[in-house]
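Keep in mind that this is a model prediction, so the values were computed, not measured. Quick note: numbers below take in every heavy atom, side chains included, and nothing from hydrogens, waters or symmetry partners.
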Amino acid sequence: MSLTHIDIDDDTLAMAKRLGGHRTETAAVAAALEEYNKRLLRAAAYDKMQLQTRAGPADGP
């Protein structure tokens with residue numbers, strides 16, 4: 001784990017903490033980053049699926 005100093009809008013952080021039910025600001029930021037990473041992975045998987053679909057069926061043996 002690393003210690004990182006970042007500027008985050010106080011109201012936005014407070015809202016994320018409240019809506020997420022997080023006890024600490026660190027927990028709210030960690031949860032937000034996890035969700036962000038999941039979203040990016042889903043988007044990448046979707047893009048890959050779209051490329052495969054456009055390419056047509058794979059040649060089989």
Novice: What's the separation between atom OG1 in Thr26 and atom CE in Met1, rounded to the nearest 0.5 Å?
Specialist: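 Nearest 0.5 Å value for the OG1-CE distance: 8.5 Å.
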Novice: If you compare all heavy atoms of Ala28 against all heavy atoms of Ala16, which two are closest, and at what distance to 0.1 Å?
Specialist: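 Closest approach of Ala28 to Ala16: CB-C, 4.3 Å.
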Novice: Between Thr24 and Ala27, what is the shortest heavy-atom contact and its length?
Specialist: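 Where Thr24 meets Ala27 most closely, the heavy atoms are OG1-N, 3.0 Å.
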Novice: Is the count of non-hydrogen atoms from other residues, nucleotides or ligands lying under 6.0 Å from Asp10 atom CG greater than 12?
Specialist: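 Not more than 12 within 6.0 Å, no.
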Novice: Write down the atom of His22, the atom of Ala31, and the distance for their closest heavy-atom approach.
Specialist: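 For His22 versus Ala31, the nearest heavy atoms are CE1-CB, 3.5 Å.
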Novice: CD1 of Ile6 to CG of Leu13: how many Å apart, nearest 0.5 Å?
Specialist: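 Reported to 0.5 Å precision, the distance equals 8.5 Å.
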Novice: Does Leu41 belong to the same Ile/Leu/Val/Met/Phe/Trp/Tyr cluster as Tyr46, with side-chain heavy atoms less than 4.5 Å apart forming each link?
Specialist: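 Result: no, two separate clusters.
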Novice: What distance separates Gln52 CD from Arg54 CZ, expressed to the nearest 0.5 Å?
Specialist: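 Separation between the atoms: 11.5 Å.
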